[in-house]
Amino acid sequence: MSKVIVIGGGAAGMMAAIAAAEDGHQVTLLEKNEKLGKKIYITGKGRCNLTNNCEVEDLLEATCVNQKFLYSAFYGFTSQDTIEFFENSGMKTKTERGNRVFPVSDHSSDVILALNRRLKECGVRICLHTEAAGILTKESSGEKSGVCVCGVRKKDGMRLEADAVIVATGGLSYASTGSTGDGYRFAKELGLRVTECSPSLVPIEAAEEWVPRLQGLSLRNVEVTILDGKKELYREFGEMLFTHYGVTGPLILTASSVIQKKLAGHPLAMRINLKPALSEEQLDARILREFEAAKNKQFKNVIGTLYPAKLIPVIIELCGIPEEKPVHDISKEERKHLVEITKQFPLTLTRLRGYNEAVVTRGGVSVKEIDPGTMESKKISGLYFAGEVLDLDAVTGGFNLQIAWATGHAAGRGIR
Ligand SMILES: Cc1cc2nc3c(=O)[nH]c(=O)nc-3n(C[C@H](O)[C@H](O)[C@H](O)COP(=O)(O)OP(=O)(O)OC[C@H]3O[C@@H](n4cnc5c(N)ncnc54)[C@H](O)[C@@H]3O)c2cc1C
């Protein structure tokens with residue numbers, strides 16, 4: 001039996017603590033907040049999309065960086081294992097569109113309750129309001145006999161001894177939940193490599209002066225394309241939302257993780273196909289039908305059937321047709337331009353928003369220095385990492401929490 005300290009009571013840390021305790025180790029979980037799972041509480045808009053009910057290959061596919069590293073963690077703890085874990089902890093789950101799994105109650109608090117129940121059942125000692133300030137190794141405590149972990153220094157200066165330490169401190173996004181990048185600092189202080197971090201799954205700012213006027217406009221069933229010159233970087237169908245500074249919503253968050261490197265260099269063009277189900281010819285025929293049914297009406301009063309109300313003034317501005325022009329006077333050329341604007345509504349993306357709006361952090365403790373089966377550092381024995389603190393991230397759909405559960409489970413089980 002080893003003495004284990006887990007730093008961080010988020011998804012990965014709680015799962016790691018449970019797995020280690022169930023394996024017979026004596027586990028202490030340190031959490032700097034007043035309660036566990038603050039970030040879980042805000043996930044999935046308060047409903048917690050706790051995993052994606054799919055095959056391991058699909059989990060790997062949804063992972064944006066270091067896919068191969070996750071192979072054994074995902075096979076060791078699949079999405080079905082996550083579902084079973086929560087069902088066995090007294091929380092019923094349901095699977096929705098896109099294989100997204102939620103608690104039946106639609107309350108993320110039930111996920112936290114289930115984890116708390118399991119932690120209690122397996123005897124994990126929980127220390128709230130307890131911030132780890134650093135990790136102690138044999139070398140740092142003066143013994144030069146090889147580098148292995150021997151404890152944790154708390155913020156109040158107290159030292160806690162351990163045979164193994166699992167760092168599950170999360171990333172840098174939504175710092176108010178406690179994820180302030182402490183684990184990156186611990187790793188760097190111990191000479192471990194931390195790759196460059198950036199916000200991911202994050203809203204994007206746009207340059208056009210009319211963007212603030214569209215704030216709150218939600219577009220469903222549209223197709224978004226993002227271009228770097230002529231090169232297509234991203235094309236996806238789904239839902240998006242305008243904000244006062246730019247765009248967000250599922251399509252945009254996923255796009256942010258694909259285009260972030262390019263966007264750091266220069267602005268990128270985005271095109272929204274507002275009518276993806278219609279070809280240009282079909283759309284033109286539809287517009288013509290609307291015009292013929294209201295021949296003497298003004299343009300601005302006819303296009304209300306084609307676009308959401310908030311979008312109409314911008315469409316009128318962009319297509320250049322005078323708003324009061326009777327529709328029977330609109331030329332074929334003008335109609336063609338209207339079709340173009342509808343199929344390729346233009347936006348210029350300028351930059352990603354910051355960590356405080358990012359769902360995850362890209363980058364982190366380099367997985368090259370971590371054993372993928374046990375999450376143990378290859379350089380410091382007894383030191384383990386799990387969850388978002390690692391250089392791992394995925395698209396939306398329950399995949400990021402699945403990374404936290406699977407790597408947490410692997411770390412807990414990896415303790416010798
Ligand atoms: C708004 C939002 C919605 C999301 N929705 C979803 C979703 O629906 N589905 C999904 O799969 N993913 C979602 N995610 C992503 C997912 O929540 C994270 O990827 C996941 O929670 C990471 O878990 P973690 O345990 O690694 O880190 P965290 O959840 O960040 O937990 C780290 C914990 O460590 C503690 N800590 C940090 N430093 C110290 C220290 N020095 N001492 C002691 N304790 C410390 C923190 O207080 C925190 O409790 C969402 C994220 C956000 C921000």
Side-chain angles (χ1 to χ4, degrees), residues 5-17 28-52 59 62-64 79 82 96 98-103 106 108 111-112 115 126-135 152-156 160 165-187 199-203 248 250 253 257 355-362 364-365 375 385-390 392-409 411:
I5 294 176
V6 180
I7 309 176
M14 286 193 268
M15 183 58 84
T28 303
L29 175 59
L30 311 183
E31 168 54 55
K32 65 177 169 187
N33 288 327
E34 71 290 0
K35 56 185 171 198
L36 300 175
K38 260 195 163 176
K39 185 170 278 172
I40 296 177
Y41 191 70
I42 60 166
T43 55
K45 296 189 179 136
R47 295 171 66 218
C48 186
N49 176 196
L50 58 119
T51 189
N52 194 283
L59 294 178
T63 304
C64 303
S79 321
T82 300
E96 295 189 356
N99 297 328
R100 291 162 195 251
V101 180
F102 295 89
D106 282 329
S108 56
V111 174
I112 305 167
L115 287 159
I126 299 168
C127 303
L128 300 174
H129 298 288
T130 309
E131 184 171 340
I135 292 168
V152 167
R153 185 166 42 85
K154 291 202 295 172
K155 207 185 173 194
D156 60 14
L160 300 174
V165 171
I166 301 176
V167 181
T169 46
L172 284 161
S173 54
Y174 280 74
S176 56
T177 62
S179 329
T180 48
D182 297 12
Y184 305 143
R185 179 168 55 78
F186 301 158
S200 196
L201 298 182
V202 65
T248 187
L253 297 183
S257 81
Y355 283 113
N356 274 342
E357 291 169 73
V359 172
V360 281
T361 303
R362 165 138 324 153
V365 174
M375 302 295 139
F385 291 88
E388 208 177 309
V389 69
L390 287 165
L392 300 168
D393 67 273
V395 296
T396 58
F399 300 104
N400 283 295
L401 278 171
Q402 182 59 30
I403 290 177
W405 311 130
T407 55
H409 186 264

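When a ligand or atom number is given, it counts from 1 through the structure's own listing order.
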*Before signing off on this row, confirm whether S179 and ligand 1 have an N or O atom pair separated by under 3.5 Å.*
yes

*So which bit of E31 gets within less than 4.0 Å of ligand 1, heavy atoms only: side chain, backbone, both or neither?*
both

*Quick one: does L401's side chain get under 4.5 Å of T82's, heavy atoms only?*
no

*Identify the protein heavy atom lying closest to atom 44 (N) of ligand 1, giving its residue, its atom name and the separation to 0.1 Å.*
K32 N, 3.2 Å

*Would you mind listing which atoms of ligand 1 come within a distance below 4.0 Å of any non-hydrogen atom of D182?*
38 (N), 39 (C), 40 (C), 41 (N)

*Any donor-acceptor pair under 3.5 Å from T169 side chain to G183 backbone*: yes

_With respect to A11, determine whether any N or O atom, backbone or side chain, lies less than 3.5 Å from an N or O atom of ligand 1._
yes

*Taking the side chain as every heavy atom from C-beta outward, state whether F186 and I7 have any pair of such atoms under 4.5 Å apart.*
yes

*Got an N/O contact under 3.5 Å between L401 and ligand 1?*
yes

*Are any of the N/O atoms in E388 less than 3.5 Å from those in ligand 1?*
yes

*Search all heavy atoms of G171 against all heavy atoms of Y184 and return the closest pair with its distance.*
CA-OH, 3.2 Å

*In the protein, what heavy atom is nearest to atom 53 (C) of ligand 1, and what distance, to one decimal place, separates them?*
Y174 CD1, 3.2 Å

*Just which atoms of ligand 1 are under 4.0 Å from any heavy atom in G387?*
26 (O)

*ligand 1 versus T51, non-hydrogen atoms closer than 4.0 Å: side chain, backbone, both, neither?*
neither

*Would you confirm whether R185, through its side chain, and A133, through its main-chain N or O, come within 3.5 Å as a donor-acceptor pair?*
yes

*Can you pull out the closest protein heavy atom to atom 27 (O) of ligand 1? Residue, atom name and distance to 0.1 Å, please.*
G170 CA, 3.3 Å

*Min heavy-atom dist N33 to ligand 1 below 4.0 Å*: yes

*Do side-chain atoms of N400 reach the backbone of A394 as a donor and acceptor pair under 3.5 angstrom?*
yes

*Is a donor on one side and an acceptor on the other found under 3.5 Å between the side chain of E388 and the backbone of V360?*
no

*Hey, is ligand 1 close enough to N49 that some N/O pair sits below 3.5 Å?*
yes

*asked:* Determine whether a donor-acceptor pair (N or O, by modelled atom type, separation under 3.5 Å) exists between the side chain of N33 and the backbone of T177.
replied: yes

*Any side-chain heavy atom of S173 sitting closer than 4.5 Å to one from V359?*
no

*Distance-only, no hydrogens or angles: does the T130 side chain make a donor-acceptor pair with backbone N or O of L128 under 3.5 Å?*
yes

*So, is E131 polar-close to ligand 1, with some N/O to N/O distance under 3.5 Å?*
no

_How far is atom 31 (O) of ligand 1 from the closest protein heavy atom, and which atom is that?_
G10 CA, 3.4 Å

*For ligand 1, which atoms, with element, lie under 4.0 Å from some heavy atom of G398?*
9 (N), 10 (C), 11 (O)

*Expected output: side-chain R362 to main-chain S257 donor-acceptor under 3.5 Å*: yes

*Any nitrogen or oxygen of A386, main chain or side chain, under 3.5 Å from a nitrogen or oxygen of ligand 1?*
no

*Go through ligand 1 atom by atom and flag the ones less than 4.0 Å from a non-hydrogen atom of T130.*
42 (N), 43 (C)

*Rounded distance (nearest 0.5 Å) linking atom CG of D106 with atom CD of E96*: 6.5 Å

*State, to 0.1 Å, how close Y355 and L172 come at their nearest heavy-atom pair, and which atoms those are.*
CB-O, 3.5 Å

*asked:* Treating S79 as the side-chain partner and N52 as the backbone partner, does any N or O pair qualify as donor plus acceptor under 3.5 Å?
replied: yes

*Looking only at N/O atoms, are F186 and ligand 1 under 3.5 Å apart anywhere?*
no

*asked:* Measuring from atom CG of L201 to atom OG1 of T396, what distance do you get when rounded to the nearest 0.5 angstrom?
replied: 6.5 Å

*From L115 CG over to M15 CE, what is the distance, rounded to the nearest 0.5 angstrom?*
6.5 Å

*Among protein heavy atoms, which sits nearest to atom 25 (O) of ligand 1, and what does the distance come to when rounded to 0.1 Å?*
A12 N, 2.9 Å

*Short N/O distance, under 3.5 Å, between A358 and ligand 1?*
no

*Atoms in ligand 1 flagged as close to L30, the criterion being non-hydrogen separation under 4.0 Å*: 43 (C), 44 (N)

*Which part of I7 is near ligand 1, with near meaning a heavy atom under 4.0 Å away: side chain, backbone, both or neither?*
side chain

*List every atom of ligand 1 that sits less than 4.0 Å from any heavy atom of V360, numbering the atoms from 1 in the order shown and giving each element.*
19 (O)

*What atoms in ligand 1 come closer than 4.0 Å to a heavy atom of G8?*
33 (C), 34 (O), 35 (C), 44 (N)

*Under the 3.5 angstrom rule, does the side chain of N49 hit a backbone N or O of T51 as a donor-acceptor pair?*
yes

*Determine yes or no for a side-chain-to-main-chain donor-acceptor pair under 3.5 angstrom, with T28 supplying the side chain and I5 the backbone.*
no

*asked:* How far is atom 50 (C) of ligand 1 from the closest protein heavy atom, and which atom is that?
replied: V359 CG1, 3.3 Å

*Around atom 37 (C) of ligand 1, find the nearest protein heavy atom and jot down its residue, atom name and distance.*
G178 O, 3.3 Å

*Mark the output for L36 as yes if a heavy-atom distance to ligand 1 is under 4.0 Å, and as no if none is.*
no

*asked:* Using a 4.0 Å cut-off to any heavy atom of F399, which atoms of ligand 1 qualify?
replied: 11 (O)

*How does A168 reach ligand 1, if at all, at less than 4.0 Å between non-hydrogen atoms: by side chain, backbone, both, or neither?*
backbone

*To the nearest 0.1 Å, how far is atom 3 (C) of ligand 1 from its closest protein heavy atom, and which atom is that?*
T43 CA, 3.6 Å

